[in-house]
Amino acid sequence: MAHFEQFHCDFYQSNYNIDDQEDYSTCDSSENLSGNRKSQTGHRPLAGAFVPSEMLLPSQSYTGQILQPTVLYSSNTLSHLSYTDGFDEEPPLLEDGSIMNETDLTGPVVFCLALGATLLLAGKVHFGYVYGVSVTGCLAMHALLNLMSIPGVSHGCVASVLGYCLLPMVILSSSAAIFSLHGILGTLLALFVIGWCSLSASKIFTSALAMEGQQLLIAYPCALLYGLFALLAVF
């Protein structure tokens, strides 16, 4: 009966009102007697009850702090983790060899149309000459570059490079609509634009095709091609 009374008091211990004051005092005495036993045995689950495996493991204290990582990064480590792929890290456009892998004919066609339109402003209808010289020059440069370089190049890449380097020639032809290029000033300006276009195109070809030391050999035929466009703009 003593065991039954102890079990009865423990069962009605939490959140339950007991009307009998004598039973309540009996429960208090039984709780005092079983206090030492509970302190020795600890909190053990009842027999047959389901207990998760996490409750059976010894408790581990958390050594870190809230909102503060345990790993400390030095200034050198943070500098390596920082973003390094900025515009300052990129190679220049004239020295980027991957430009030959991207064929874009939209820009060259637009620049050829702009060259013909600016020549039209000066009273010169030379659209046919512009397209004819462009196609002939691209075919000739393609054959020349394939003979001089080991990897070779496609027609689209040659047309893309020569067409994008035609932009200074468009500026020259647009200036012809403002003032006359017949004279020393016009000749010097035309020579400057020819050198600008030819050096830019030859620099891209030598960087992309690994033709070090051959830039002047490539710049010469490029200068002949852009010289024809300069003649159309000046005369």
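In what follows, every heavy atom counts, from backbone to side chain, and hydrogens, waters and symmetry copies are set aside. Everything quoted here is computed from the prediction, not taken from an experiment.
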Query raised in the report: Between Trp196 and Phe192, what is the ring plane arrangement, given parallel below 30°, perpendicular above 60°, and tilted in between?
Result: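 Ring orientation of Trp196 relative to Phe192: tilted.
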Of the non-hydrogen atoms in [X] and [Y], which two are nearest, and what is the gap between them?
X      : Y      : result
Gly156 : Leu105 : O-CD2, 3.8 Å
Pro108 : Ala159 : CG-O, 3.6 Å
Ala219 : Ser198 : O-CB, 3.7 Å
Met148 : Leu217 : CE-CB, 3.9 Å
Tyr131 : Cys112 : CE2-CB, 4.1 Å
Tyr226 : Leu162 : OH-O, 2.8 Å

**Report entry** Partner of Leu115 by side-chain contact (heavy atoms from CB on, under 4.5 Å), out of Val110, Leu166, Leu232, Leu120
**Finding:**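 It is Leu166, the one option of Val110, Leu166, Leu232, Leu120 that forms the side-chain contact (heavy atoms from CB on, under 4.5 Å) with Leu115.
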Query raised in the report: Are any of the side-chain heavy atoms of Leu209 and Gln214 separated by less than 4.5 Å?
Result: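 Side chain of Leu209 against side chain of Gln214, heavy atoms only: no contact under 4.5 Å found.
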Would you give the length of the straight line joining atom [atom1] of [X] to atom [atom2] of [Y], rounded to the nearest 0.5 angstrom?
X      : Y      : atom1 : atom2 : value
Gln215 : Leu199 : CD    : CG    : 6.0 Å
Glu212 : Ser207 : CD    : OG    : 7.5 Å
Cys222 : Leu216 : SG    : CG    : 11.5 Å
Phe205 : Leu144 : CZ    : CG    : 9.5 Å
Met211 : Ile218 : CE    : CD1   : 3.5 Å
Leu119 : Leu172 : CG    : CG    : 9.0 Å

Query raised in the report: Crowded around Tyr129 OH? As in, over 12 foreign heavy atoms under 6.0 Å?
Result: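 Atom OH in Tyr129 is not packed in, count stays at 12 or less.
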Report task. Write out all pairs satisfying side chain to side chain donor-acceptor pair (under 3.5 Å) with one or both partners inside residues 135-144, taking only residues at least two apart or from two chains. Result ->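 Listed once each, the pairs are His142-Asn146, His142-His155.
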Joint cluster assignment, [X] & [Y], ILVMFWY side-chain distance < 4.5 Å:
X      : Y      : answer
Val158 : Val133 : yes
Leu189 : Phe235 : yes
Leu191 : Phe179 : no
Ile178 : Leu185 : no
Val153 : Met141 : yes

Query raised in the report: Any chance the side chains of Thr118 and Ser174 put a donor and an acceptor closer than 3.5 Å?
Result: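 Result is no, nothing qualifies.
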Query raised in the report: Run the side chain to side chain contact (heavy atoms under 4.5 Å, CB included) check on Ile171 and Val193 step by step: do they pass?
Result: CA-CA 9 Å; Ile171 299 175; Val193 171; over 6 Å; no
Query - side chain to side chain contact (heavy atoms under 4.5 Å, CB included) assessment of Phe229 paired with Ile194 - result: CA-CA 9 Å; Phe229 290 112; Ile194 292 171; over 6 Å; no
Strictly distance-based, threshold 3.5 Å: is any side-chain N or O of [X] a donor or acceptor partner for the main-chain N or O of [Y]?
X      : Y      : result
Ser180 : His182 : yes
Ser160 : Asp104 : yes
Lys124 : Ala233 : yes

Requested in this report: Tell me who clusters with Ile184, hydrophobic residues only, linked when side chains sit under 4.5 Å apart either directly or through other members.
Outcome: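 Listed partners: Leu188.
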